[in-house]
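Read through the structure below, which is laid out as structure tokens, and then see the notes.
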Amino acid sequence: MTRFDAVIVGGGLHGCSLALHLARKGLAVAVVEKNWSGRHASGVNAGGVRTLLRDPAEIPLALAAREIWHDIGSLVDEDCGYRTSGQLAVAETAADMARLEARAADLAAAGYSHEELVDAAELYRLLPALVPGCAGGLIARRDGYASPYHTTRAFRRRAEKDGVTFFQGVRAENFRRADGLWRADAGDARLAAPVIVNCGGAWAGDVARALGDETPLQPKLPMMMVTARTARFVEPVVIGVGRPLSFKQMPNGTVVIGGGYLAAGDRRTETTRLNFSALAKSAATVRDLFPHLGRLPIVRCWAGFEGRTPDDLPIIGPGRRAGVFHACGFSGHGFQLGPVVGRELANLIADGRTDFDLTPFAVDRF
Ligand SMILES: Cc1cc2nc3c(=O)[nH]c(=O)nc-3n(C[C@H](O)[C@H](O)[C@H](O)COP(=O)(O)OP(=O)(O)OC[C@H]3O[C@@H](n4cnc5c(N)ncnc54)[C@H](O)[C@@H]3O)c2cc1C
């Protein structure tokens with residue numbers, strides 16, 4: 001039996017970020033990952049570092065996360081491909097614009113200023129290649145994007161340098177509690193720790209149940225596409241308002257397209273089935289907004305497994321049983337939150353306090 005201070009189930013960005021922050025507080029930490037770090041959502045997502053249009057409950061964490069992203073190299077020694085490009089929601093119609101105006105008014109009333117309405121003239125200054133006739137937009141100028149796989153790998157490497165033990169390619173299972181410790185098997189290893197943390201992504205519902213918490217987590221499989229390279233035409237990440245869309249042009253000229261259409265899949269075999277007619281709708285939206293891309297080839301499509309809650313807010317905080325914590329159910333927007341959730345959960349576990357109100361994310365809210 002190998003004794004740790006904390007065992008983390010899941011080596012995605014959230015598991016690695018938490019491990020890194022706990023290790024820096026002097027805890028002995030093990031991360032168990034059934035595949036490899038970054039195999040699932042954390043390595044295959046769209047890389048959006050977005051505070052724009054977040055649920056109000058998530059805004060304090062998202063703004064704090066963004067500050068970390070702006071100086072991510074000082075935390076993990078690599079720049080993670082992070083770029084402050086801005087994220088811009090485009091109102092194609094007057095009705096879309098009215099929605100954005102209502103959102104901006106709500107945020108201003110709540111005391112936030114990170115989202116800014118832009119009129120049509122500013123919209124076309126920011127997006128000169130946009131199809132004529134759009135009404136305006138809403139921008140978070142300090143948002144951006146990063147490279148997801150590089151980010152997760154950077155967090156894992158930094159956590160390893162800080163002393164975290166990784167067990168990769170083995171599933172954490174047979175969870176049980178005895179003598180004040182949680183015990184789990186990871187292949188041939190027998191692990192024990194007073195604290196066990198569920199960072200299990202799309203599999204977190206199973207892990208939660210084994211640790212004594214029922215959750216309504218369901219898998220969600222967002223789809224992505226990437227095009228061939230094309231001449232630079234857009235800097236901000238572009239978000240749809242009236243129809244699902246999120247896309248960005250990467251520094252190498254490719255266009256990465258996502259934004260809400262889902263694949264089917266099997267969590268047991270870890271295989272996904274893409275919905276090509278939905279992907280075609282996504283591509284058509286891009287072509288409608290930027291007609292010059294109409295003949296640009298799409299070179300690759302994929303989908304990733306994510307855990308989703310009914311209110312699309314994550315589950316962050318203690319479980320029902322002693323020593324259990326969760327960080328899961330990020331519902332398609334947890335990459336941006338990775339650096340800060342790890343830090344705050346580490347504060348909670350090691351010091352018993354966090355500066356953030358985690359009650360909207362309680363596991364027993366459902
Ligand atoms: C296609 C796509 C696009 C997205 N785009 C964005 C975006 O632009 N911006 C954004 O903020 N978010 C985005 N997201 C969401 C984001 O990727 C996730 O919220 C985030 O990566 C979740 O990280 P995680 O560490 O919780 O989960 P994961 O990265 O899924 O890691 C969980 C890990 O737990 C492991 N695991 C589970 N059970 C066990 C077990 N019993 N034993 C051992 N290991 C186990 C799994 O193998 C997995 O590797 C997107 C997601 C997808 C799929």
Side-chain angles (χ1 to χ4, degrees), residues 7-19 30-52 54 58 62 65-66 69 87 143-149 151-152 155-156 166-175 184-187 191 196-211 217 219-225 237 239 246-248 256-263 265 267 270 272 274 301-309 312 314-316 326-339 341-342:
V7 169
I8 298 172
V9 182
L13 180 58
H14 283 276
C16 292
S17 172
L18 175 62
V31 176
V32 186
E33 167 53 54
K34 64 182 166 53
N35 304 100
W36 63 88
S37 249
R39 160 66 180 88
H40 286 293
S42 298
V44 305
N45 66 63
V49 173
R50 176 178 62 81
T51 63
L52 184 70
R54 285 241 173 212
E58 282 183 336
R66 195 171 67 176
W69 280 106
Q87 294 230 4
D143 282 3
Y145 61 87
S147 167
Y149 193 80
T151 301
T152 308
F155 272 79
R156 179 187 48 79
F166 278 78
F167 296 85
Q168 298 200 72
V170 286
R171 183 180 292 273
E173 54 196 358
N174 299 328
F175 302 104
D185 299 339
L191 312 180
I196 188 155
V197 191
N198 172 16
C199 295
W203 296 265
D206 303 334
V207 178
R209 189 170 308 114
L211 297 175
L217 281 164
K220 171 183 181 176
L221 287 83
M223 295 190 294
M224 305 284 310
M225 293 180 274
V237 177
I239 307 280
S246 156
F247 84 85
K248 60 184 71 69
V256 174
I257 305 167
Y261 290 108
L262 302 179
R267 283 185 314 142
E270 306 193 3
T272 58
L274 299 181
C301 311
W302 69 96
F305 281 95
E306 164 77 314
R308 178 183 207 171
T309 63
D312 280 329
I315 297 171
I316 308 168
H326 303 281
C328 56
F330 289 95
S331 304
H333 41 261
F335 178 69
Q336 194 267 358
L337 296 173
V341 170

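In listed order, ligands and their atoms are each counted from 1. Everything numeric here is computed off the predicted structure, so don't read it as measured data.
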Proximity of [X] to ligand 1 by residue part, where a heavy atom lies under 4.0 Å:
{"X": "M224", "answer": "side chain"}
{"X": "E33", "answer": "both"}
{"X": "W203", "answer": "side chain"}

Checklist entry - Heavy atom of G258 under 4.0 Å from ligand 1? => result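 No, G258 has no heavy atoms under 4.0 Å from ligand 1.
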
Option nearest [atom] (shortest heavy-atom distance, choices [options]):
{"atom": "atom 41 (N) of ligand 1", "options": "G10, G15, A172", "result": "A172"}
{"atom": "atom 14 (N) of ligand 1", "options": "A202, A204, C328, G332", "result": "G332"}
{"atom": "atom 3 (C) of ligand 1", "options": "G307, A46, P219", "result": "A46"}

[atom] - nearest protein heavy atom and its distance:
{"atom": "atom 32 (C) of ligand 1", "value": "C199 O, 3.3 Å"}
{"atom": "atom 44 (N) of ligand 1", "value": "K34 N, 3.0 Å"}
{"atom": "atom 19 (O) of ligand 1", "value": "E306 OE2, 2.6 Å"}
{"atom": "atom 7 (C) of ligand 1", "value": "G48 N, 3.5 Å"}
{"atom": "atom 11 (O) of ligand 1", "value": "Q336 N, 2.9 Å"}
{"atom": "atom 25 (O) of ligand 1", "value": "H14 N, 3.1 Å"}
{"atom": "atom 28 (P) of ligand 1", "value": "S42 OG, 3.8 Å"}
{"atom": "atom 50 (C) of ligand 1", "value": "N45 CB, 3.2 Å"}

Under 3.5 Å donor-acceptor, [X] side chain and [Y] backbone:
{"X": "N198", "Y": "A204", "answer": "yes"}
{"X": "Q168", "Y": "E33", "answer": "no"}
{"X": "S331", "Y": "T309", "answer": "yes"}
{"X": "Q87", "Y": "G144", "answer": "yes"}
{"X": "R156", "Y": "F166", "answer": "no"}

Checklist entry - Within a strict 4.5 Å, meaning less than it, do heavy atoms of the H40 and N35 side chains meet? => result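 Yes. Closest side-chain heavy atoms under 4.5 Å.
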
Item to check | Contact check, side chains of R267 and W203, non-hydrogen atoms, under 4.5 Å | outcome: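 SC-SC contact between R267 and W203 confirmed.
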
I'd like a table of donor-acceptor pairs (distance under 3.5 Å, sequence neighbours excluded) in which one partner is a side-chain atom from residues 43-51, with atom names and distances.
unit_1 : atom_1 : unit_2 : atom_2 : d
N45    : OD1    : G47    : N      : 2.5
N45    : ND2    : A41    : O      : 3.0
N45    : ND2    : S42    : O      : 3.3
R50    : NH1    : L52    : O      : 2.5
T51    : OG1    : R66    : NH1    : 3.3
T51    : OG1    : D143   : OD1    : 2.8
T51    : OG1    : D143   : OD2    : 3.3

Atom indices of ligand 1 within 4.0 angstrom of [X] heavy atoms, with elements:
{"X": "F330", "answer": "19 (O), 26 (O)"}
{"X": "P222", "answer": "1 (C), 2 (C), 52 (C), 53 (C)"}
{"X": "N35", "answer": "47 (O)"}
{"X": "L13", "answer": "25 (O)"}
{"X": "G201", "answer": "27 (O), 30 (O), 32 (C)"}
{"X": "V32", "answer": "43 (C), 44 (N)"}

Checklist entry - If we only count N/O pairs under 3.5 Å, is V44 in contact with ligand 1? => result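 Not met; the criterion fails.
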
Item to check | Nitrogen or oxygen of V9 less than 3.5 angstrom from that of ligand 1 | outcome: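 By distance alone, the answer is no.
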
Which heavy-atom pair separates [X] from [Y] by the least distance, and what is that distance?
{"X": "L217", "Y": "G329", "value": "CD2-CA, 3.4 Å"}
{"X": "G338", "Y": "L13", "value": "CA-CD2, 3.9 Å"}
{"X": "A186", "Y": "V32", "value": "CB-CG1, 3.8 Å"}

Next on the checklist: Is the distance between the ring centroids of W69 and F335 under 6.0 Å?
Outcome noted: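 Yes: the rings meet the under 6.0 Å criterion.
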
Next on the checklist: salt bridge (Lys or Arg N to Asp or Glu O under 4.0 Å), that's the test. Do K34 and E173 meet it? Break it down for me.
Outcome noted: CA-CA 10 Å; K34 64 182 166 53; E173 54 196 358; over 6 Å; no

Checklist entry - Which residues pass the salt bridge (Lys or Arg N to Asp or Glu O under 4.0 Å) test with D312, sequence neighbours left out? => result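 Per chain and number, D312 pairs via salt bridge (Lys or Arg N to Asp or Glu O under 4.0 Å) with R308.
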
